[in-house]
Structures are given as structure tokens and as C-alpha cells.
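Worksheet: one structure, shown below.
Below, each value reflects all heavy atoms present in this structure, side chains not excepted, and no hydrogens, waters or symmetry copies.
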Amino acid sequence: MMVANDRAAQVGLIPAQAQVLMHLDEPRRITDLASANACDPSSVSTMIQRLERDGLVRRAVDPRDARARLVELSPSGTRARTRLVALVAGADEVVAGLPSDQRAALASMFATDSLAR
């Protein structure tokens, strides 16, 4: 699920941070978050440090492997994620209300954009 710049900004985040929060529906390892966001674990680790500094996430010991850490939402992070989900759902409703030809054009534009990356 892609989080637009304006939706992320409404919650006080940059889009990449919002993407990470959207993937924290349950505690996850940094490597899993990196895979879900199609980026390098070191980039996600830096982002997690910032989110942790801002009080949105925390690290916990993985109960399946005491050497590993899980990233989980803090109460503030849960509130921010809930707001993001609502904002993204609102955008989905707007798109759903478009005529079919406009939805197809929009889908085509995003498909072309993702192929260019």
C-alpha cells in the first residue's frame, strides 16, 4: 500500500516513515520490514531509529530468538498508524468514486511509474 506525500505529512511523517508504520500491523524484524518496503535493511534501520526517537516505535526481544529484535508500535505509533489507515482509506474512496475510464487511466499511470523504477 502506497502512502502519498500529503497523507504522510498530515501525520507529521515523510512517506518512507509512513510506509514502515503501515507495515507494522504486528511486531516485525527489520529484515522483514526491509523486504516489505523493497529497500535495504540499513535504510530501514536508520528510519526505525528516527521513529524510535520520535516515540512512534520501540524494539523488543523476539520471543522466538533472544538474539533478534522486533520493531513494534508504541501507543503514539498506534495512533499515527490508525490515522494513516483512515487517510489512505479516504483516498481509496475518492478513487473508487471516479468513473471507470479515469480509474483505468490512473491505474495505467501507476503501472507505468512502477515499471520505470
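Of all heavy-atom pairs between L84 and M22, the closest is CB-SD, 3.7 Å. Of all heavy-atom pairs spanning V11 and R83, the tightest one is CA-NH1, 3.9 Å.
Distance check, rounded to the nearest 0.5 Å: CG of L70 to CZ of R58 gives 12.0 Å. Remark: L73 CG to T82 OG1 distance equals 8.5 Å, nearest 0.5 Å.
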Verdict with reasoning, L33 to L24, per side chain to side chain contact (heavy atoms under 4.5 Å, CB included): CA-CA 8 Å; L33 288 169; L24 282 172; 4.0 Å; yes
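With hydrogens and angles disregarded, a donor-acceptor distance shorter than 3.5 Å links the side chain of R28 to the backbone of H23. Judged by distance alone, the side chain of R81 and the main-chain N or O of L21 form a donor-acceptor pair under 3.5 Å. Checked by atom type and distance alone, the side chain of Q10 never pairs as donor or acceptor with a backbone atom of R7 at under 3.5 Å.
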Side-chain donor-acceptor pairs under 3.5 Å in residues 41-54, sequence neighbours left out?
residue	atom	partner	partner atom	Å
S42	OG	D40	OD2	2.2
T46	OG1	S42	O	3.1
E52	OE1	R59	NE	3.1

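When only modelled atom types and interatomic distance are considered, S76 and R79 share a side-chain donor-acceptor pair under 3.5 Å.
D62 and R69 are not joined by a salt bridge, as no carboxylate oxygen comes within less than 4.0 angstrom of a charged side-chain nitrogen.
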